[in-house]
Participant: 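Can you keep this structure in mind? I'll have questions shortly.
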Number of protein chains: 2
Amino acid sequence: MSAQPADPTCPVARTVDIVGDKWSLLIIRDAFDGIRRFNQFQRDLGIARNILAARLRDLVHAGILRVENATGGSAYQEYVLTDKGEDLFDLIVSLRQWGQAHAFAPGEPHSVLIDATTGEPVPRLSYTTPDGGRIQARQARVRKVGEP
Amino acid sequence: MSAQPADPTCPVARTVDIVGDKWSLLIIRDAFDGIRRFNQFQRDLGIARNILAARLRDLVHAGILRVENATGGSAYQEYVLTDKGEDLFDLIVSLRQWGQAHAFAPGEPHSVLIDATTGEPVPRLSYTTPDGGRIQARQARVRKVGEP
DNA sequence: CCGTATCCATTCCGATACTG
DNA sequence: CAGTATCGGAATGGATACGG
């Protein structure tokens, strides 16, 4: 996205540089929702076609989307998430959960995440360590590389 | 950020509209790292001063940062995360974890998250339901409001 | 249907200078 | 130190038109 990440050793900065853009994030969201074709993205997002083409190209180049030939006789292409792209699921979940909590008036309707196997709404997810522990923002510090 | 969210019922779109911007995300990251003053942000990010002023204003207006009088005799102001802003911790963690996994070459050094109480690096966090379950991307679907 | 190309307006951004 | 003001270049964005 930009020439120089602010801090080249910070993983947050690296990620922001790759997907830290309104349209990229919404395209990825759509991809998780099963959208695969150019015009589907275009209509769903209301994005200009030239911008969409540029973003799709960048995301493919970044290894987040992959171009696939459509099933059936048509020669048209589709854009699907790679494994690297699917690993952005947590990021989209984070965006979704914060929005649900802080960007809607009480009682205002919004879309929700559904467990496809049970059909039930997914409850609020929280980050846990492998042994079930939690980390609060206040407990966490960033250690720069090279520091003791 | 923009006038019209693509889909007004989607929490992802709402969040992206508020913080889905390179500089906003990096400012929030810095705020979690304890940066509080205008010139600290400016030097750390290398951002233009007028852009920084605009972003800080927007983030304060969005209720993510709050202006506080600096301690001590100085009359200078500081920018600190509100509770709403601290709830973006998971989002920053998501950015960080994806970057660590996918945006660095093997062995390339990067900053890490540290548990402030133990001093130990925070292990890989994963999203779990309140009863300890996990949700994979493939299992999840978005149900639009109004759908059965 | 899938893109690319072009035009034009708007915004963004960085650099610099300036004020309290 | 903490901003505001301005300026010019670059990127973004929307609309439309065009070819595979």
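All values reported here derive from a predicted model rather than from experimental measurement. Every chain is numbered from 1, with letters handed out A, B, ... down the list of sequences. Values below: all heavy atoms of this structure, side chains included; hydrogens, waters and symmetry mates excluded.
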Participant: Tell me whether the side-chain N/O atoms of Trp23(B) come closer than 4.0 Å to OP1 or OP2 in dC12(C).
Facilitator: no

Participant: Rounded to the nearest angstrom, tell me the gap between atom CG in Leu52(B) and atom P in dT4(D).
Facilitator: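 Whole-Å distance recorded here is 10 Å.
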
Participant: If I take atom CG in residue Asp58(B) and atom P in nucleotide dT11(C), what distance separates them, rounded to the nearest angstrom?
Facilitator: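 Between P of dT11(C) and CG of Asp58(B): 13 Å.
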
Participant: Give a yes or no on this: more than 12 heavy atoms of other residues, nucleotides or ligands lie within 6.0 Å of atom CG of Asn39(B).
Facilitator: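 Correct, the count exceeds 12.
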
Participant: Side chain of Asn39(B) only, please: which of dT4(D), dT12(D), dC1(D) is the nearest?
Facilitator: dC1(D)

Participant: Categorize Phe41(B) for me: base, sugar-phosphate, or nothing, with a 4.0 angstrom heavy-atom threshold over every strand shown.
Facilitator: nothing

Participant: To the nearest Å, give me how far apart CZ (Arg37(A)) and P (dG3(C)) are.
Facilitator: 10 Å

Participant: Identify each atom pair where a protein N or O and an N or O of nucleotides 5-10 of chain C are less than 3.5 Å apart, giving names and distance.
Facilitator:
from: dT6(C); atom 1: O4; to: Asn50(A); atom 2: ND2; distance (Å): 3.2

Participant: For the pair made of CG in Leu56(B) and P in dC1(D), what is the distance, rounded to whole Å?
Facilitator: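 In whole Å, dC1(D) P lies 16 Å from Leu56(B) CG.
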
Participant: Of all the choices, dA2(D), dC13(C), dG3(C), which nucleotide is nearest to the side chain of Ile51(B) once you look at every atom?
Facilitator: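 Between dA2(D), dC13(C), dG3(C), the one nearest the side chain of Ile51(B) would be dC13(C).
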
Participant: Give a yes/no on whether any side-chain N or O of Gln77(B) is located under 4.0 angstrom from OP1 or OP2 of dG3(D).
Facilitator: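 Result: yes.
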
Participant: Represent DNA chain D in dot-bracket notation, 5' to 3'. Only Watson-Crick or G-U wobble pairs with both distances under 3.5 Å count; pseudoknot-style crossings use [ ] and interstrand partners use |.
Facilitator: ||||||||||||||||||.|

Participant: Can you check the Phe38(A) CZ to dT4(C) P distance for me, whole Å?
Facilitator: 7 Å

Participant: Atom CD1 in Ile135(A), atom CD1 in Ile114(B): separation rounded to 0.5 Å?
Facilitator: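 If I round to the nearest 0.5 Å, the distance is 10.5 Å.
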
Participant: Tell me the interatomic distance from Arg36(A), atom CZ, to dG3(C), atom C1', rounded to whole angstroms.
Facilitator: 18 Å

Participant: On DNA chain D, check which nucleotide each of Arg43(B) and Ala54(B) is closest to and give me the residue with the more 5' one.
Facilitator: Arg43(B)

Participant: Can Ser94(B) and Tyr127(A) be counted as having a side-chain donor-acceptor contact under 3.5 angstrom?
Facilitator: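 There is such a pair between these side chains.
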
Participant: Could you give the distance from CG (Leu113(B)) to CD1 (Ile92(B)), rounded to the nearest 0.5 Å?
Facilitator: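 If I round to the nearest 0.5 Å, the distance is 11.0 Å.
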
Participant: So, taking the atom named CD1 in Ile27(A) and the one named CG in Leu59(A), what distance separates them when rounded to the nearest 0.5 Å?
Facilitator: 5.5 Å

Participant: Indicate yes or no: does Lys84(B) engage Glu86(B) in a salt bridge with an N to O separation below 4.0 Å.
Facilitator: no

Participant: Is any side-chain N or O of Gln42(B) closer than 4.0 Å to OP1 or OP2 of dA2(D)?
Facilitator: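 No, no such contact exists.
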
Participant: Starting the side chain at C-beta, find the nucleotide from dG3(C), dG13(D), dG3(D) nearest to Arg55(A).
Facilitator: dG13(D)

Participant: Does a salt bridge link Arg141(B) with Asp33(A), judged by any charged N lying under 4.0 Å from a carboxylate O?
Facilitator: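 Judged by the 4.0 Å cut-off on N to carboxylate O distance, Arg141(B) and Asp33(A) do not form a salt bridge.
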
Participant: What is the distance from CD1 of Ile47(A) to C1' of dC2(C), rounded to the nearest Å?
Facilitator: 15 Å

Participant: Any cation-pi pair here, Arg14(B) with Phe104(A), using under 6.0 Å and within 45°?
Facilitator: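 Yes, Arg14(B) lies over the aromatic ring of Phe104(A).
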
Participant: What is the distance, rounded to the nearest whole Å, between atom NZ of Lys22(B) and atom C1' of dA11(D)?
Facilitator: 12 Å

Participant: Closer than 4.0 angstrom, basic N to acidic O: yes or no for Arg29(A) and Asp44(A)?
Facilitator: yes

Participant: Using modelled atom types and a 3.5 Å cut-off, is there a donor and acceptor pairing between side-chain atoms of Arg96(A) and backbone atoms of Ser111(A)?
Facilitator: yes

